[in-house]
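The structure appears below as structure tokens.
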Amino acid sequence: LTSGDTYLVRLFMDDFSTAVNYSLCLTDNSPPTNDEWAQAIMLVQDASDWCESSTTGTFAGATNSQAVADCDGQLASANDDVWYQFIAATETPIIELEYLWGDYRLELFTADASTLLACAQGGVLTASGLSVGTIYLIRVFSASDQPLSAVEGQFSICVYGLPSFTISTQSNGSCLP
């Protein structure tokens with residue numbers, strides 16, 4: 001079907017003895033814009049120790065982009081992954097996923113999706129050893145073998161983390177240049 005075109009639907013009954021109520025529902029199953037890693041949605045890392053701002057997402061209509069790696073001994077199918085990206089503001093950002101239903105996975109990749117850096121089963125992935133100022137990709141998918149409905153596939157995602165500070169024990173109380 002083409003968006004914007006008009007389509008006619010014919011409904012008929014072969015028994016006219018009683019009236020029948022019916023409903024008709026049309027659904028758009030086109031993939032989300034971030035279905036592939038090259039179209040990953042940019043997230044901004046919150047400079048805090050909790051998720052201040054999150055981005056909503058969905059798996060509805062999503063497809064599989066690449067094979068799933070083993071995450072802590074937990075193999076899963078990924079028939080519905082979506083992608084996000086962020087610029088690391090700290091070496092140890094936290095990626096948090098909130099969802100109502102399902103068994104989700106988070107994977108952290110290099111900017112070209114060629115190297116898996118970390119993975120987590122569930123809603124939180126704490127990264128380590130990232131380079132500040134570098135772009136990283138986040139892959140989110142459901143571990144379910146069955147595609148999720150629009151309601152089941154809803155989630156929110158955020159990236160946050162406080163910058164690390166080194167406090168000198170050599171200070172005599174004066175300001176350092």
Side-chain angles (χ1 to χ4, degrees), residues 3 25-72 74 76-165:
S3 179
C25 177
L26 300 176
T27 306
D28 180 9
N29 274 345
S30 56
T33 57
N34 58 336
D35 189 44
E36 301 297 330
W37 69 266
Q39 286 80 39
I41 293 173
M42 179 62 78
L43 302 174
V44 176
Q45 181 176 338
D46 291 333
S48 68
D49 59 353
W50 60 284
C51 183
E52 290 183 2
S53 60
S54 61
T55 300
T56 58
T58 183
F59 294 115
T63 62
N64 183 23
S65 299
Q66 63 189 48
V68 176
D70 182 17
C71 184
D72 299 326
Q74 300 293 319
S77 63
N79 57 359
D80 53 3
D81 59 4
V82 289
W83 294 82
Y84 294 88
Q85 62 181 325
F86 71 101
I87 300 171
T90 62
E91 294 178 353
T92 57
I94 298 168
I95 302 163
E96 186 173 303
L97 189 71
E98 293 183 9
Y99 51 92
L100 297 175
W101 187 93
D103 184 12
Y104 293 4
R105 302 289 194 273
L106 289 164
E107 292 180 331
L108 180 65
F109 286 88
T110 54
D112 63 357
S114 64
T115 305
L116 177 66
L117 302 173
C119 61
Q121 178 181 357
V124 177
L125 187 154
T126 303
S128 63
L130 301 190
S131 296
V132 173
T134 301
I135 294 175
Y136 293 93
L137 288 170
I138 303 166
R139 180 185 186 199
V140 183
F141 65 93
S142 166
S144 171
D145 289 336
Q146 301 299 319
L148 298 177
S149 72
V151 172
E152 294 168 339
Q154 294 177 357
F155 60 88
S156 64
I157 185 170
C158 70
V159 181
Y160 62 93
L162 290 172
S164 59
F165 296 99

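Only a predicted model underlies this, so the values are computations on that prediction, with no experimental measurement involved. Note that these values count all heavy atoms, side chains included, but never hydrogens, waters or copies made by symmetry.
Under the 3.5 Å distance criterion, the side-chain polar atoms of D81 are left unmatched by any main-chain donor or acceptor of R139.
I138 has its side chain within reach of V159: a pair of non-hydrogen atoms, C-beta onward, lies under 4.5 Å apart. Looking at L130 and L108, their side chains come closer than 4.5 Å, going by heavy atoms from C-beta outward. The shortest distance between side-chain heavy atoms of V132 and E91 falls below 4.5 Å.
Between C119 and E107 the shortest heavy-atom distance is CB-CG, 4.0 Å. T33 approaches Q39 most closely through the heavy-atom pair O-CB, 3.1 Å. Nearest approach of D46 to E52, heavy atoms of both residues: OD2-N, 3.0 Å. The minimum heavy-atom distance linking L106 with L125 is given by the pair O-CD1, 3.6 Å. Nearest heavy-atom pair, G61 versus P32, reported as atom, atom and distance to 0.1 Å: C-CD, 3.8 Å.
The aromatic rings of F59 and F155 sit tilted, their planes meeting at an angle between 30° and 60°.
C51 contributes atom SG, which lies 11.5 Å from atom CD1 of I95 (distance to the nearest 0.5 angstrom). Once rounded to the nearest 0.5 Å, the distance linking CG of L97 with CZ of R105 reads 11.5 Å. Between the CG atom of L137 and the OG1 atom of T115 there is a distance of 11.0 Å, given to the nearest 0.5 Å.
With respect to F109, the ring-ring contact (aromatic ring centres under 6.0 Å, His included) criterion is satisfied by exactly one of Y136, F86, W37, W83: W83. No option in T56, I41, V82, V140 other than V140 meets the side chain to side chain contact (heavy atoms under 4.5 Å, CB included) test with I157.
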ask   = Going through the distances and angles, do L117 and T110 end up as a side-chain contact (heavy atoms from CB on, under 4.5 Å)?
value = CA-CA 7 Å; L117 302 173; T110 54; 4.1 Å; yes
Exercise for the section: Determine, step by step, whether E96 and Y160 satisfy the side-chain hydrogen bond (donor to acceptor under 3.5 Å, both in side chains) criterion, reporting the C-alpha distance in whole Å, the side-chain angles of both residues, the deciding distance to 0.1 Å, and the verdict. Expected result: CA-CA 8 Å; E96 186 173 303; Y160 62 93; 3.0 Å; yes
